[in-house]
Structures are given as structure tokens and as C-alpha cells.
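Lettering follows sequence order; numbering is per chain, from 1.
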Protein chains: 2
Amino acid sequence: MKPRVFKDAIYEQIARIGKSLGSGPRLEILDLLCQGPRTVEVLAGQMGQSVANTSRHLQVLRGARLVEAEREGVYVRYRLADSEVCAFFLTLRKLAESRLLEVDEITREFLEARNTMEPVDRDLLVERVRSGKVTVLDVRPAEEYLAGHIPGAVSIPLEQLEERLAELPSDREIVAYCRGPYCVMALDATDTLQSNGFEATRFEEGIADWRARGLHVAVGSEG
Amino acid sequence: MKPRVFKDAIYEQIARIGKSLGSGPRLEILDLLCQGPRTVEVLAGQMGQSVANTSRHLQVLRGARLVEAEREGVYVRYRLADSEVCAFFLTLRKLAESRLLEVDEITREFLEARNTMEPVDRDLLVERVRSGKVTVLDVRPAEEYLAGHIPGAVSIPLEQLEERLAELPSDREIVAYCRGPYCVMALDATDTLQSNGFEATRFEEGIADWRARGLHVAVGSEG
DNA sequence: TGCATATTCAAATATTAGCTTGAATATGTG
DNA sequence: CACATATTCAAGCTAATATTTGAATATGCA
């Protein structure tokens with residue numbers, strides 16, 4: 001085998017992964033799978049896409065060996081092939097945030113339209129969350145909380161928030177988080193909390209970012 | 001702006017980077033630019049591609065903000081937009097190596113056809129190189145050596161190796177390296193050295209991997 | 001100013017990918 | 001065994017991409 005053929009073959013292999021990352025819907029799938037395994041139907045529902053199309057994207061990702069499928073009765077459950085894939089997705093997202101001005105522009109535009117101000121000092125917020133100086137609120141669906149959450153966080157899925165406000169302290173700051181910077185659940189939650197007189201802040205990182213920071217992740221009903 | 005529109009826009013932005021990584025030639029360009037800046041003509045020559053096509057690929061990468069161009073007289077010199085891009089490329093390469101069996105298969109097939117046996121313990125070799133227990137030989141073109149090399153390494157470009165054998169010690173192990181695992185220059189060098197009676201090993205990592213390990217990189221004619 | 005060279009652009013073609021629709025497959029249940 | 005449901009497959013259309021070729025642009029130098 002000639003060196004040229006060898007190199008072309010190797011780079012073409014790496015490009016298999018690149019190609020699979022070249023589609024918005026597929027990146028959203030990866031982001032969702034970072035929260036935990038999901039069936040095709042659930043993914044399609046969360047993305048607002050047809051099941052057939054979602055299935056197709058999943059197979060492209062499977063072809064690039066980034067996700068794996070497992071039959072569970074009548075359902076097929078997809079998961080990331082390795083935790084390395086989640087870490088890689090975060091690296092890619094971070095690269096996009098630092099290299100593409102548009103990401104920041106779009107985010108600012110979105111937040112301004114909601115009259116939302118983002119907290120600036122991310123690390124300081126991490127420290128307050130980590131040290132338990134605030135009440136941490138996880139507003140994702142219960143199963144995602146069970147699959148992994150910030151230690152000490154309280155689970156109240158967004159849909160139940162209004163009817164369970166009594167469970168939250170009114171004399172202590174509440175920090176709400178969800179799936180990550182481009183998930184809007186925690187934004188909705190802080191809006192609801194603030195209009196009910198609570199002192200609430202949004203924490204824009206998700207559990208995957210938390211793990212990537214090397215911090216402990218609680219599972220099940222643990223702390 | 002609706003959350004769905006916002007999310008789609010964000011993921012589409014990240015996909016810009018993904019798309020740019022979905023082509024073998026473009027990944028080779030990134031790999032080469034990790035060694036240092038280059039003009040379009042040089043890149044095209046090193047890849048065996050037409051200048052026009054190389055230029056086109058470079059603009060795709062520039063559109064994804066991964067590379068930057070700078071006019072230098074009659075030439076245009078391209079470089080990585082940030083050292084973060086090089087680190088990211090290495091992460092992607094590593095992901096491909098660990099997730100895609102084919103990468104290993106192709107490499108093994110290529111090496112077996114050359115009757116080459118790769119050293120197994122990479123970290124041990126790094127340690128021997130780092131501690132100066134061996135003579136380290138950089139066989140890349142001189143300008144790449146000047147742009148950054150392993151501290152203590154001797155520079156003898158591959159084309160000059162046969163006529164400069166006398167500069168190398170015959171009583172001490174020589175470890176040759178080049179641009180990285182998919183560059184064949186160090187393989188050719190160890191072949192030449194071994195058939196001339198030297199004790200030679202190939203170090204398959206490049207200067208970018210060395211830097212990513214957090215080790216010091218010498219520049220210019222330093223050490 | 002005009003020529004030589006490096007790079008980019010534009011047009012054209014072939015290939016590949018995305019999405020939709022409707023059918024096919026596979027599993028669990030009555 | 002037949003039915004219901006979840007998932008995948010196949011066909012077809014549209015859109016995007018890779019590559020080549022030839023022309024256009026921009027810079028340095030005489």
C-alpha cells in the first residue's frame with residue numbers, strides 16, 4: 001500500500017466522524033443523549049422531528065460509531081457509545097462557542113427578546129452551587145434527574161413547578177439548571193420563580209458540563 | 001424568537017464546524033497546519049492536490065473559522081486560527097482511533113506490508129525521549145523543525161539523511177519522529193538507519209501530540 | 001505602466017446527503 | 001396465530017458538496 005493511499009484511507013475514516021457531525025439535528029441528538037439513553041420515539045418527540053427521519057440520523061451516528069442501539073422489548077434504546085463521545089461533543093460545542101461569533105450573537109438575541117440577563121461569572125456560580133450555599137433545582141424530567149444530577153439538587157420537573165412551589169425556600173437563593181446552555185427549561189423556571197417572589201438564578205451548564213469539570217455526579221435518589 | 005428556532009440556529013452553527021470536518025482532504029490540511037503555517041501552493045504540493053481545489057478546501061475551513069489567511073507578498077499564508085483548533089483536531093483523531101476499528105486495521109495492514117513492527121509502550125518511549133536517554137532525530141523539513149521541535153532533537157530532513165549519517169551516533173539508540181502517526185517520514189528514516197547499522201526506533205507522535213501532553217516545545221535553533 | 005506569478009472565482013458535472021412518504025419488519029400481546 | 005405498535009427500509013425529490021477547468025484578480029518587480 002502506497003503512503004498516499006494509506007493517508008487518504010486514514011483521513012477518510014476520521015472524516016466519517018466529521019460527516020456525522022455536519023448536521024444540526026444530529027448534534028441535537030448527541031446533546032440529548034449526553035443526558036442519558038432514549039428511544040427513537042422519545043428523541044423524535046423532543047426534537048420535533050419525524051420518527052423515520054430521527055431513525056435515519058441515528059443510523060448515521062451509529063455508522064460513525066458514536067452511538068449504540070439496544071433492543072428493549074418493542075423499543076430500541078439508543079445511547080452514546082462511550083462517555084468519551086459526550087466529552088468530545090462538549091469540546092466541539094466549546095470550540096464553536098469560542099470560534100463562531102454567531103453562537104454568541106444568536107444567544108444574546110434570544111435572551112434579550114426574553115428580557116433575560118445572563119449571570120457573567122460562571123465559575124463563581126459553580127462554586128456557590130458546589131458548596132451548597134444555594135438551593136439547587138433540577139427542572140428536567142424525573143428520569144433524567146435519576147440518571148445523574150448535581151449533588152444536593154432538588155428535582156421538580158418544569159411541568160410540575162407551579163403546583164410545587166411550596167417545596168422551595170422563599171428566604172434562600174434558588175439556582176435552576178436543566179440540560180445545558182441551549183436548553184430553555186431553566187429559563188422558564190427562573191421566570192416562574194421570580195414572578196412568584198422567589199430569588200432565582202439560572203445555571204446554564206448541564207450535568208455533562210458538571211461531569212467534565214471533574215465534579216461528582218449523584219445518581220438515582222442519592223443526595 | 002421561539003426556542004425551537006433558537007436551538008436549530010445554534011446546532012446549525014455547531015454543524016458548520018462539523019461539516020468542515022467531513023472531508024478527508026480538509027482533515028489532512030488541518031493536520032499539516034498543526035505543524036505550522038503554509039502557503040496554498042505548499043499545501044497543495046504536500047497533499048498531491050490541485051492548487052484550486054486546495055484553495056477551495058481552505059476557504060471552507062476559513063468559513064468555519066478554523067483557519068486564517070494572511071497575505072505575505074505574492075503568497076497567502078494559512079494558519080490555524082487558534083492553538084485550540086490543533087488540540088481539537090488531536091481530540092478528534094484520538095476519538096476516531098478509539099471508536100473506529102478500521103483506523104487500527106488500516107494502519108496495521110500498512111505497517112505489515114512494510115514489515116514494520118510498531119513499539120507497543122508509547123508512554124515508555126515518551127519517557128526515554130523526554131529524559132534524553134536516546135538521540136532524538138527530527139526528519140521533517142528544516143522549517144518545520146524551526147517552528148517547533150522536541151527539546152534536544154537533532155534536525156536532519158529525510159532527503160538529506162543518507163548523506164549526513166556520519167552526524168549520528170552509532171553506539172546510541174536513535175529515535176526518529178516526524179509529523180505524527182500517519183506521516184511516513186520517520187518510518188523511512190528508521191529503515192534507512194537500520195540498514196546502515198544504526199539502532200533506530202520510530203516515535204509515532206508529532207510535535208502537536210508532544211505539546212498536548214503538556215511537554216515543553218523548543219523553537220528556532222534552540223536545544 | 002506592464003508582465004509574471006500566486007491565488008481565487010465561476011461554471012459545469014458527478015456524487016452525496018436530507019427529508020418526506022408509504023411500505024416492510026420485528027416484537028409483544030390477546 | 002393475528003393484531004398493534006415501534007422501528008427501519010426504500011423510493012423519490014430537492015439541496016448541498018467535491019472536483020475540474022479556464023478565466024479573473026491581486027501583488028511584486030522590471
Side-chain angles (χ1 to χ4, degrees), chain A residues 4-5 7-9 11-30 32-33 37-64 66-79 143, chain B residues 4-5 7-9 11-30 32-33 37-64 66-79 143:
Chain A
R4 186 71 262 160
V5 175
K7 283 186 197 175
D8 286 350
Y11 289 117
E12 205 48 56
Q13 288 298 321
I14 306 178
R16 281 172 61 191
I17 293 184
K19 280 188 225 289
S20 78
L21 301 172
S23 140
R26 282 201 290 274
L27 291 168
E28 186 171 1
I29 289 176
L30 285 180
L32 287 170
L33 290 182
R38 280 167 169 72
T39 65
V40 180
E41 191 180 32
V42 168
L43 274 170
Q46 293 183 341
M47 298 205 307
Q49 287 267 352
S50 73
V51 171
N53 199 17
T54 304
S55 171
R56 190 130 171 33
H57 282 304
L58 283 166
Q59 294 185 48
V60 174
L61 289 170
R62 190 160 61 164
L66 298 185
V67 309
E68 285 170 356
E70 187 185 10
R71 186 128 217 158
E72 281 188 10
V74 74
Y75 295 96
V76 174
R77 188 174 298 272
Y78 280 85
R79 69 186 69 242
E143 66 215 42
Chain B
R4 185 72 263 160
V5 175
K7 283 186 197 174
D8 287 351
Y11 289 116
E12 205 47 56
Q13 287 299 320
I14 306 178
R16 281 172 61 191
I17 294 183
K19 280 189 225 289
S20 78
L21 302 171
S23 140
R26 282 201 289 273
L27 291 167
E28 186 171 1
I29 290 177
L30 285 180
L32 287 170
L33 290 182
R38 277 167 170 73
T39 65
V40 180
E41 191 179 33
V42 169
L43 274 170
Q46 293 183 344
M47 298 205 307
Q49 288 267 351
S50 73
V51 171
N53 200 17
T54 303
S55 171
R56 187 126 181 45
H57 281 305
L58 282 166
Q59 294 186 48
V60 174
L61 289 170
R62 190 159 62 163
L66 297 184
V67 309
E68 284 170 355
E70 187 186 10
R71 186 129 218 156
E72 280 190 10
V74 75
Y75 296 96
V76 173
R77 187 173 299 273
Y78 280 84
R79 67 186 70 245
E143 65 215 42

Would A/L30 and A/L61 satisfy side chain to side chain contact (heavy atoms under 4.5 Å, CB included), going step by step from the backbone distance to the final call?
CA-CA 9 Å; A/L30 285 180; A/L61 289 170; 4.2 Å; yes
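- Atom CG in B/L61 sits roughly 12 Å away from atom P in C/dT8 (whole-Å rounding).
- C/dT8 atom C1' lies 14 Å from atom CD of B/E41, rounded to whole Å.
- In this structure, OH of B/Y75 is placed 12 Å from P of D/dG28, rounded to the nearest angstrom.
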Donor-acceptor pairs are to be reported for all side-chain atoms of residues 17-24 of chain A against protein atoms at under 3.5 Å, with residues two or more places apart or in another chain.
{"unit_1": "A/K19", "atom_1": "NZ", "unit_2": "B/G22", "atom_2": "O", "d": "3.2"}
{"unit_1": "A/S20", "atom_1": "OG", "unit_2": "A/I17", "atom_2": "O", "d": "2.7"}
{"unit_1": "A/S23", "atom_1": "OG", "unit_2": "A/R26", "atom_2": "N", "d": "3.3"}

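- Look at CG on A/L58: it is 16 Å from P on D/dA6, rounded to the nearest Å.
- Residue B/Y78 has a polar side-chain atom (N or O) positioned under 4.0 Å from OP1 or OP2 of C/dT8.
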Protein proximity profile, nucleotides 17-30 of chain C - base contact B, sugar-phosphate-only contact S, no contact -, cut-off 4.0 Å on heavy atoms
SSBBB-----BS--
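- The side chain to side chain contact (heavy atoms under 4.5 Å, CB included) search around A/A9 returns B/I106, not counting sequence neighbours.
- Here C/dT8 presents its P atom at 13 Å from CD of B/E70, a figure rounded to the nearest Å.
- Close to C/dC9, at under 4.0 Å from its OP1 or OP2, lies a side-chain N or O of B/Q59.
- Counting only heavy atoms from C-beta on, A/S55 has its side chain closest to D/dT8 among C/dT7, D/dT8, D/dT7.
- Two residues are said to be in side-chain contact when any heavy atoms from C-beta on lie closer than 4.5 Å; A/V67 and A/R79 fail this criterion.
- We find that CD of B/E28 is positioned 16 Å from C1' of D/dA18, with the value rounded to whole Å.
- Around the CZ atom of B/R56, the shell of radius 6.0 Å holds no more than 12 heavy atoms that belong to other residues, nucleotides or ligands.
- Using a cut-off of 4.0 Å between Lys/Arg side-chain N and Asp/Glu carboxylate O, A/E28 and B/R4 are scored as salt-bridged.
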